[in-house]
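Below is one structure, written out as structure tokens, with a few remarks after it.
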Amino acid sequence: MSNQIIIADTSCLIGLKNINQIGLLKQLYDKITITNEIRDEFSEVLPEWIVVENVTDRVRLSILELELDKGEASAIALALENSNSLLIIDEGKGRRVAARLGIKKIGTLGVFIQAKEKGIVTQIEPLIRNLKKVDFRISDKLVEGILKRVGER
């Protein structure tokens with residue numbers, strides 16, 4: 001994963017901040033990149049390890065904004081500008097667009113899986129439970145599948 005740029009969408013940042021786990025991103029990836037649009041949506045003081053980068057292709061961004069909200073569109077546009085990127089995105093429509101465009105992606109639950117695989121956390125079920133408490137929408141079916149996958153079911 002050398003020189004891979006990790007781009008986070010707003011939902012991941014807000015969800016992790018709301019359960020006091022935003023530091024997981026730092027432990028896993030060292031540096032996270034976001035866009036100005038995501039910074040504006042997040043609207044909190046950013047940790048120093050979150051870097052804001054501008055999307056240079058404004059036409060592509062405008063086209064993506066026809067289908068997605070500003071944050072998701074900007075995250076996808078930035079991922080397209082950085083071929084060696086991993087996009088952390090949760091919303092279904094944004095994930096489908098990213099997949100269609102060939103962008104490597106994971107969701108917030110994927111971050112939890114990586115944290116468990118690397119020994120940063122021992123269990124992800126409590127993290128998922130806490131996310132649900134702060135109105136982070138996750139289907140029960142997805143949760144069950146992930147908990148089985150990581151040996152917590």
Side-chain angles (χ1 to χ4, degrees), residues 1-121 124 127-128 130-132 134-139 142-143 145-147 149-150:
M1 280 222 268
S2 63
N3 296 329
Q4 186 177 43
I5 177 174
I6 310 298
I7 301 166
D9 186 29
T10 316
S11 65
C12 171
L13 298 176
I14 291 172
L16 292 176
K17 179 196 70 71
N18 286 345
I19 64 167
N20 298 312
Q21 292 292 333
I22 199 164
L24 269 183
L25 294 172
K26 168 87 171 116
Q27 290 177 278
L28 276 170
Y29 307 114
D30 199 40
K31 181 176 105 175
I32 296 291
T33 303
I34 64 170
T35 63
N36 286 306
E37 292 81 359
I38 293 166
R39 181 194 56 212
D40 293 347
E41 286 180 0
F42 185 60
S43 71
E44 303 255 342
V45 175
L46 295 170
E48 73 285 344
W49 46 269
I50 295 182
V51 178
V52 180
E53 212 176 283
N54 282 318
V55 173
T56 53
D57 188 340
R58 305 308 286 184
V59 173
R60 179 186 283 149
L61 178 60
S62 298
I63 292 167
L64 287 165
E65 285 177 357
L66 296 174
E67 197 171 352
L68 302 167
D69 76 33
K70 283 186 179 306
E72 289 164 345
S74 69
I76 288 171
L78 188 62
L80 287 169
E81 291 176 9
N82 293 276
S83 59
N84 189 23
S85 62
L86 175 65
L87 175 61
I88 305 171
I89 188 166
D90 291 299
E91 198 267 326
K93 191 184 226 182
R95 290 177 65 83
R96 286 189 295 278
V97 170
R100 187 175 74 223
L101 295 170
I103 296 168
K104 188 176 172 199
K105 64 180 176 7
I106 65 170
T108 301
L109 299 185
V111 170
F112 291 165
I113 292 168
Q114 287 187 349
K116 182 170 181 172
E117 287 170 348
K118 293 193 173 165
I120 296 168
V121 299
I124 62 174
L127 297 173
I128 294 171
N130 287 341
L131 259 188
K132 285 185 144 202
V134 296
D135 296 326
F136 195 94
R137 292 192 310 259
I138 319 163
S139 80
L142 177 64
V143 170
I146 286 173
L147 292 177
R149 178 177 156 193
V150 299

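Proximity of Ile38 to Lys70: side-chain heavy atoms (C-beta onward) are nowhere separated by under 4.5 Å. Within the 4.5 Å cutoff, no side-chain heavy atoms of Val51 are placed close to those of Ile34. Counting only heavy atoms from C-beta outward, the side chains of Ile63 and Arg60 never approach each other to under 4.5 Å. Residues Ile50 and Leu25 form no side-chain contact, since every pair of their non-hydrogen atoms from C-beta on lies 4.5 Å or further apart. Side chains of Glu65 and Glu72 form no contact here, defined as non-hydrogen atoms less than 4.5 Å apart. With a 4.5 Å cut-off on side-chain heavy atoms, Leu46 and Arg39 count as touching. Counting heavy atoms from C-beta on, the side chains of Leu16 and Phe136 never come closer than 4.5 Å. Looking only at side-chain heavy atoms (C-beta outward), Leu131 and Leu109 come within less than 4.5 Å of each other.
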Practice problem: Test Ile22 against Trp49 for side chain to side chain contact (heavy atoms under 4.5 Å, CB included), laying out the working first. | Solution: CA-CA 11 Å; Ile22 199 164; Trp49 46 269; 4.1 Å; yes
Quiz prompt | CA sep, side-chain torsions, deciding dist, call: Ile128, Leu147, side chain to side chain contact (heavy atoms under 4.5 Å, CB included) | solution = CA-CA 10 Å; Ile128 294 171; Leu147 292 177; 4.2 Å; yes
Quiz item: After noting the C-alpha distance and the side-chain angles of Tyr29 and Gln114, does the key distance pass the side chain to side chain donor-acceptor pair (under 3.5 Å) rule?
Solution: CA-CA 10 Å; Tyr29 307 114; Gln114 287 187 349; 2.4 Å; yes
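The distance from atom CG of Asn130 to atom CD1 of Ile124, rounded to the nearest 0.5 Å, is 12.5 Å. Considering OG1 of Thr10 and CD of Glu37, their distance stands at 9.5 Å, rounded to 0.5 Å. Rounding to the nearest 0.5 Å gives a distance of 13.0 Å between CD1 of Ile19 and CD1 of Ile14. Note that CD1 of Ile7 and OG of Ser85 are 4.5 Å apart. Values are rounded to the nearest 0.5 Å. Thr33 OG1 to Ile5 CD1: the interatomic distance, rounded to the nearest 0.5 Å, is 3.5 Å. Atoms CD1 and NZ, from Ile89 and Lys105 in turn, are 9.0 Å apart once rounded to the nearest 0.5 Å.
Between the side chain of Lys116 and the main chain of Val150, a donor-acceptor pair closer than 3.5 Å is present. With Asp57 contributing its side chain and Val59 its backbone, the two residues share a donor-acceptor pair below 3.5 Å. In this structure, Glu91 contributes its side chain and Gly94 its backbone to a donor-acceptor pair below 3.5 Å. In this structure, the side chain of Glu81 does not engage the main chain of Val55 through any donor-acceptor pair within 3.5 Å. Side chain of Asp69 to main chain of Gly71: a donor-acceptor pair is present (N/O by atom type, distance under 3.5 Å, no hydrogens or angles).
Here the closest heavy-atom approach between residue Thr35 and residue Ser74 is recorded as OG1-OG, 2.6 Å. Among all heavy-atom pairs drawn from Leu78 and Asn82, the shortest one is O-ND2, 2.9 Å. Scanning both residues, Leu24 and Ala115, for their nearest heavy atoms gives CD2-CB, 3.9 Å. Taking every heavy atom of both residues into account, Lys31 and Ile6 meet most closely at O-CB, 3.9 Å. Closest approach of Ala8 and Leu13 over heavy atoms only: CB-CD2, 4.1 Å. Taking every heavy atom of both residues into account, Ala75 and Leu87 meet most closely at CB-CD1, 3.7 Å.
The pair Glu67-Arg96 fails the salt-bridge criterion, with no side-chain N (NZ, NE, NH1 or NH2) lying under 4.0 Å from an Asp/Glu carboxylate O. Here Glu44 pairs with Lys17 in a salt bridge; the nearest charged N to carboxylate O distance falls below 4.0 Å.
For Arg137, there are no side chain to side chain contact (heavy atoms under 4.5 Å, CB included) partners two or more places apart in sequence or in a different chain. Among residues two or more places apart in sequence or in another chain, the side chain to side chain donor-acceptor pair (under 3.5 Å) test is passed with Asp90 by Ser11, Thr108.
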